[in-house]
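The next block holds one structure in the form of structure tokens; read it before the comments.
Naming convention: chains lettered A, B, ... in sequence-line order (proteins, then strands); numbering from 1 in each chain.
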Amino acid sequence: MIRAVRGVHDILPAEAAKWERVEGTARRVFEAYGYEEIRLPVFERTELFARGIGEVTDIVQKEMYTFLDRAGEAVTLRPEATASLLRAYIEHGLHVHPKPVRLYTMGPMFRYERPQAGRYRQFHQLNVEALGDDHPALDAQVIGMLVEFFRALELAGRLQLQLNSLGDAKCRPVYRERLLEYLRAHAAALCAECRDRMERNPLRVLDCKTPACRPVLDAAPSVQEALCDDCRRHFADVREYLDAMAIPYVLNDRLVRGLDYYVRTTFELTTAELGAQNAVAGGGRYDGLIELLGGPPDPGIGFAIGIERVVLLLPPPAEGREGRKPFAFLIPLGAPALRALLPVATAARASAVTVELGYGDRKLRSELERANRLGAAWAVIVGETELARGEAVLRDMASGAQHTVALPELARELARRFEVERSRS
RNA sequence: GUGAGCGUAGCUCAAUUGGUCAGAGCACUGGACUGUGGCUCCAGGGGUUGAGGGUUCAAUUCCCUUCGCUCACCCCA
């Protein structure tokens, strides 16, 4: 048997219903906020991600699916969507549109990691980006929209919004130095991994979970104290607007995100229900990134939602038979009856009525049994007698009541009853 | 990349210290019931016990290797 490769997964019909719900909710919410869909390729030149995400990040150093195509060009299956989206923004001159330019996209991402609960090698994200505007009210509304999305799915109560500001190109380097200095002074008390990591990416040391490191790290200088006046004001405004929208959050000055490009506002939605992979969504501001990728000096902010993780939080589908039930099950008895019912089935389906059709080679009993198992509301029986009279028998599967309908009227009759049923529910 | 746990039918799981152990339930198909379902009863199909090797008279069971899955570390969605 050929099996799926490690870390990828099939979304079977029973699960697909949840996915449709998540994606449908996203479209509805995002579009209400003025976001438009953009569809992007799933692979790009490797260079785009190396530059956009940051050479020293885990993603670029060890998680990318990179290969040479037949022309010898290095390409990579996208590990995240922002770099691709910004590339498209620059390439197609989308910055000429009124700012902020608001875009969303969804689809598969690829990271070469060991799979575990809520973590896959091919996983799916919903991505939102607002480009060309750095007003703190935009930050607050982007976060507000993210929260609104989870409210619409009735999941907001099980999530916690964590918020931080990382400073900008001016003040972050200063903080970095100050932190590094502190870490060096206390290196002896830190675990081997922290000591190894602090030179490469000192901010990341802050969320080390080794208990022995905690006292030292908890006493480390906070980014908050190091923010320059502009960043401090920006962050204060963001918080004020969130308060105005009554969006609760937790300040977490140890929240450091894994992609290098984040500045100022960063945030994460976490849950206690998914084991170790507790982030359901995350994002932040990335002023400077568009310019770094060769575009105009436009600021930007965005977030990504992990669809698998959202789906894991969603309640299981309702009881009973899963999947779609046919409205009617057509039972021909014999080949002539089958020939008579084939066009009826086609006509009914053309009116969006889901019907299923037997082959006429089984006993009525077993076909009715099948109609019952499929959950059909109606069974339509056409045997030799009915055919001779040009009629069909309609059987109400719930009550067992039956009546006859002229064959030429059958498709219309089914469509009519389908409408009645639908308007009632 | 590191560590731990687990691999028996499509699914959920049984099978004393190695000794009819290759099974049950669900699902599927058929029959009881010649053209009238839901309940019940009966029958059937379907497994190289993840794979390979070893120990033994005998391995689903013990040992080794390997593959896979799961969880955790790391990191993140």
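One interatomic measurement links the two molecules: CG of A:Leu155 to P of B:rA77, which rounds to 19 Å at whole-angstrom precision. Atom C1' of nucleotide B:rA77 and atom CZ of A:Phe149 are separated by 12 Å, given to the nearest angstrom. Rounded to whole angstrom, the span from the CZ atom of A:Arg3 across to the P atom of B:rA51 amounts to 12 Å. The distance between atom CG of A:Leu374 and atom P of B:rA27, rounded to the nearest whole Å, is 14 Å. Across the protein-nucleic acid pair, A:Gln277 atom CD and B:rC74 atom P stand 10 Å apart, rounded to whole Å. The CD-C1' distance, from A:Glu129 to B:rA77, rounds to 13 Å in whole Å. Whole-Å rounding puts the A:Leu12 CG to B:rG10 P distance at 15 Å.
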Distances under 3.5 Å between protein N/O atoms and the N/O atoms of nucleotides 46-48 of chain B, please, pair by pair.
none

Please write out the pairs of protein N or O atoms and N or O atoms of nucleotides 65-67 of chain B separated by less than 3.5 Å, giving the distance to one decimal.
none

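A:Thr404 and A:Glu386 are not linked by any side-chain donor-acceptor pair at a separation below 3.5 angstrom, with hydrogens and angles left out of the test. Between A:Glu129 and A:Thr82, the side chains place a donor N or O and an acceptor N or O closer than 3.5 Å (distance only, hydrogens not considered). Between the side chains of A:His234 and A:Asp139, at least one donor-acceptor pair of N or O atoms lies under 3.5 Å. No side-chain donor-acceptor contact under 3.5 Å links A:Gln122 and A:His9.
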For each nucleotide in nucleotides 29-37 of chain B, reading 5' to 3', give B when a protein heavy atom comes within less than 4.0 Å of its base, S when such contact involves only the sugar-phosphate, and - otherwise. SSSSB-BBB

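The residues A:Glu421 and A:Arg417 are annotated as not salt-bridged, no charged nitrogen and carboxylate oxygen being separated by less than 4.0 angstrom.
Under the 4.5 Å side-chain criterion, counting only non-hydrogen atoms from C-beta, A:Leu414 is in contact with A:Val380. The shortest side-chain heavy-atom distance between A:Arg309 and A:Asn278 does not fall under the 4.5 Å cut-off. Side-chain contact between A:Trp378 and A:Met397: absent, with no pair of heavy atoms (C-beta onward) separated by less than 4.5 Å.
Applying the 6.0 Å contact sphere to CD of A:Glu384 captures no more than 12 heavy atoms from other residues, nucleotides or ligands. Around the OH atom of A:Tyr182, the shell of radius 6.0 Å holds more than 12 heavy atoms that belong to other residues, nucleotides or ligands.
The side-chain contact (heavy atoms from CB on, under 4.5 Å) test with A:Leu85 is passed by exactly one of A:Val128, A:Leu103, A:Leu94: A:Leu103.
For residues 268-287 of chain A, the ring pair (Phe, Tyr, Trp, His ring centres under 6.0 Å) pairs, not counting sequence neighbours, are A:Tyr261-A:Tyr286.
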Could you spell out the base pairing of RNA chain B as a dot-bracket line? Use Watson-Crick and G-U wobble contacts where both distances are under 3.5 Å, [ ] for crossing pairs, | for partners on a different strand. (((((((..((((.....[...)))).(((((.......))))).....(((((..]....))))))))))))....

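Note that A:Arg121 lies in the cation-pi zone of A:Tyr112, set by a 6.0 Å cut-off to the ring centre and a 45° limit from the axis.
A residue-by-residue look at A:Lys62 and A:Ala4 shows that A:Ala4 has its nearest nucleotide of RNA chain B further toward the 5' end.
Of the residues in residues 101-120 of chain A, those lying under 4.0 Å from RNA chain B by heavy-atom distance are A:Arg111, A:Glu113, A:Arg114, A:Gln116, A:Ala117, A:Gly118, A:Arg119, A:Tyr120.
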